[in-house]
Amino acid sequence: MIDFTFTEEQEMFRKAAREFAETKLAPQVAEMEKTGEVSDAVVKALGEAEMMAITIPEEYGGLGLGYTERLIALEEISRVSVATAMMLQVFALGIEPIVKFGSEELKHKYLPGLASGKRLATTAVTEATGGSDPTGIKSAYTKDGDTFIVNGRKCFITNSHLADTITILAKADDNPKAFCAFVIDKDMPGWKPTHKEHKVGMRGCNTGELSFEDLKIGPEQLLGEEGKGLRVTMAAIGDVGRGGMVGTALGLQAACIEESIKFANQRILYGKPISALQTIQNKIAEMKIDLEAGRLLGYRAAAIQDVGGRSSNEFAVAKYYTTEAAQKAAKMAVDIHGGYGCMEEYPVSRFWRDSAVLGPSAGTSDIMKVIIARWAMS
Amino acid sequence: MLKIVVCVKAVPDPKLACDLKIDPVTKTLLRCDVPMVLNSLDKHALEAALQIKAENGAYICVLSMGPPEAGSIVKECMALGADKGILLSDPCFGGADAYATAYTLATGVQKIGDVDAVLCGMASSDGATEWVGPEMAVMLGMPVVTRVREIIVGNDESWEVKSALENGYRRMRVRLPALLTVTRDLNAPRALSFSGIIKARKKVITQWRLDDLGVSAETVGIKGSPTIVTEMCAVDNARRVTFLEGTREEKAEQLLQKLIEGGLL
């Protein structure tokens with residue numbers, strides 16, 4: 001029989017992550033919403049709670065845990081702060097290419113700092129001309145001896161102004177089929193974060209642009225083989241990026257259900273709590289069905305990943321399902337709250353705005369369907 | 001090195017207290033519907049032991065009595081930093097009142113042997129008698145200080161502690177081995193950490209049954225409990241709202257009457 005239960009240890013990880021989210025993150029959420037800025041206290045707390053270390057191998061200062069544990073942590077953090085879950089999920093997106101494709105030298109150079117939170121990571125692939133189709137990017141490299149020289153711009157980069165260790169993708173100036181993935185850090189001249197975005201939701205999670213002007217990168221910063229960088233970034237995005245969005249969406253769904261039930265039990269209409277009305281119960285049941293189904297999809301994909309399998313297709317299904325369900329849940333939560341749902345004092349208004357950002361992140365639902373259809377027809 | 005025993009209890013999650021039900025026949029709490037968590041005050045007792053360990057070195061043994069599921073609470077304590085975890089678990093231990101619980105735990109402490117200090121939470125969130133710690137101390141022949149809000153570790157022979165009083169505190173020196181029950185003012189318990197959970201993988205919970213303690217089944221559990229619960233009922237917390245009408249003086253008079261009728265004045 002298939003075992004669908006979490007281990008005792010995984011339950012303990014969930015407890016630790018929940019306790020962390022409720023005690024360290026929750027008090028910062030209002031300020032993050034108000035300012036739209038990343039909270040230094042939150043970033044510090046994430047590091048102290050070893051949240052960045054989860055999937056980094058122990059020999060490089062990490063915890064050496066699996067993707068199931070990562071999903072658990074993201075779900076619990078997103079339940080309290082979707083913005084923080086998004087920030088954390090993209091830290092991992094910047095770390096994964098170093099773990100999977102970095103040389104020993106690069107791993108020893110970057111991973112211990114990333115595990116402790118002293119360094120902060122991101123990945124920069126998306127440009128105005130290519131994101132889900134990275135072959136469309138225009139950032140290009142030329143070579144001067146062994147040195148790569150990169151010019152271009154990246155947009156919609158999560159942690160753009162926060163990260164000091166970034167995995168970037170650039171195309172060969174003279175060969176449209178050759179891509180290189182590099183890890184760059186703040187000490188390298190020739191790049192800077194530029195424009196900061198003002199998103200509709202996930203306030204407190206930084207998104208912006210990066211600019212590269214004659215950024216000189218030594219060959220030792222190369223991830224994977226020269227010319228085969230697409231594989232590096234796509235592996236990270238497919239397995240880790242989509243997986244991270246699943247955890248983020250599941251947490252938001254859980255929060256929508258909790259707040260809806262709390263409000264429905266308190267709000268009196270026709271002399272009884274509105275939770276007694278079938279129309280409200282119907283919405284709560286739909287939210288619960290979606291959450292349970294999404295958990296099965298997401299944790300199954302993570303389990304495949306934990307045993308070394310490729311799970312990008314399974315995560316595409318889970319990403320599609322959970323981010324759509326999260327948007328639906330947030331809308332229903334606002335509906336259940338009626339007029340109160342449109343007021344900032346109630347968290348469901350934040351959930352609604354946050355849910356709007358979930359869909360396009362790490363590939364829109366339409367792109368997920370393209371991937372899923374290719375998988376089905378292959 | 002000091003050997004400290006911390007007594008912990010798995011209690012129904014207080015956040016879900018409204019979901020608790022009472023068995024109409026046995027008059028005991030039906031615990032199966034509500035997840036069990038580590039008793040809040042016991043976390044402060046464990047934290048005190050962990051701080052003593054960090055400052056002076058100590059061997060910390062966590063001791064709990066409960067069903068096998070309570071093992072997860074003991075494991076949690078080991079993830080927080082305890083060196084050893086012992087669960088006293090036997091069907092015979094079920095239904096114990098404070099006296100039988102104290103007796104079983106005290107027997108466990110005696111079996112551990114050479115204990116310098118026993119730390120307990122002042123009370124459990126489900127029973128809240130505050131009796132188990134002091135009763136254990138009597139059974140173990142140890143001095144006891146209740147409601148400890150500060151521990152100033154002196155030497156291996158005695159500790160200086162502050163014990164909370166209604167309007168202040170008492171400062172006293174207690175000879176070891178001693179038993180202390182602690183308040184939440186003592187410290188801020190550390191959070192469960194991922195690396196702590198990983199370290200706890202290597203720590204095994206020891207389970208002691210009735211035979212391991214070498215005591216009679218008549219002295220533990222419901223058979224060893226002198227307390228007889230004749231009735232238990234849920235408290236109705238429903239609120240009533242009354243709008244007072246009239247002049248300010250009339251409303252004040254009505255309010256006074258209401259407070260008198262409600263037994264508040």
Side-chain angles (χ1 to χ4, degrees), chain A residues 5-27 45-66 68-74 76-77 88 92 112 115-117 258 261-262 265-266 268 271-273 275, chain B residues 8 10-19 34-40 42-44 46-47 62 64 66-82 85 87 184 187-205 207 237-241:
Chain A
T5 56
F6 292 108
T7 64
E8 186 187 37
E9 188 180 280
Q10 286 167 341
E11 293 288 6
M12 227 189 298
F13 283 126
R14 186 177 292 280
K15 193 172 187 176
R18 178 167 292 204
E19 198 174 293
F20 166 77
E22 290 179 348
T23 57
K24 303 287 182 185
L25 301 184
L46 286 170
E48 286 170 353
E50 306 163 298
M51 289 291 170
M52 284 85 138
I54 294 175
T55 54
I56 296 177
E58 286 175 282
E59 60 263 43
Y60 306 111
L63 296 171
L65 294 168
T68 302
E69 285 80 9
R70 174 178 181 249
L71 202 53
I72 289 169
L74 283 170
E76 291 302 325
I77 286 172
L88 182 63
S116 66
E258 284 172 34
I261 293 171
K262 193 165 91 183
N265 281 334
Q266 288 170 350
I268 307 292
K272 319 183 260 204
S275 58
Chain B
V8 300
V11 294
D13 189 344
K15 288 182 195 160
L16 303 170
C18 54
D19 294 339
V34 177
M36 306 299 276
V37 296
L38 176 57
N39 182 46
S40 171
D42 300 346
K43 286 185 189 174
H44 294 268
L46 178 59
E47 179 61 35
V62 163
S64 186
E69 302 83 63
S72 62
I73 299 304
V74 177
K75 192 79 177 174
E76 186 180 326
C77 293
M78 292 198 283
L80 285 164
L87 178 66
R184 64 185 74 252
N187 51 42
R190 68 196 61 196
L192 202 54
S193 73
F194 285 180
S195 52
I197 296 169
I198 292 168
K199 279 182 196 154
R201 280 176 186 163
K202 292 176 187 163
K203 300 175 184 173
V204 180
I205 299 171
Q207 189 171 322
N237 276 327
R239 285 185 291 184
R240 282 169 296 175
V241 177

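Chain letters run A, B, ... following the sequence lines, proteins first and then strands; every chain starts at 1. Below, all heavy atoms of this structure are taken into account, side chains as well, without hydrogens, waters or symmetry copies.
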To the nearest 0.5 Å, what is the distance between CD (A:E8) and CD (B:E76)? 10.0 Å

In Å and rounded to the nearest 0.5 Å, what is the CG to NZ distance from B:L38 to A:K15? 6.5 Å

Heavy-atom distances under 4.5 Å only: say whether B:A200 touches chain A with side chain, backbone, both or neither.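 Neither part.
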
Could you report the tightest heavy-atom contact between [X] and [Y], atom names first, then the distance?
X	Y	answer
B:L192	A:A16	O-CB, 3.6 Å
B:A79	A:M12	CB-SD, 3.9 Å
B:F194	A:A73	CZ-CB, 4.3 Å

Proximal component of A:E50, with respect to chain B [non-hydrogen, under 4.5 Å]: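 Contact with chain B: backbone and side chain both.
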
With a 4.5 angstrom heavy-atom cut-off, could you sort out which part of A:E19 is near chain B: side chain, backbone, both or neither? side chain

Answer yes when B:K15 and A:E22 have at least one side-chain N-carboxylate O distance shorter than 4.0 Å, and no when they do not.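 Between A:E22 and B:K15 there is a salt bridge, with a charged N closer than 4.0 Å to a carboxylate O.
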
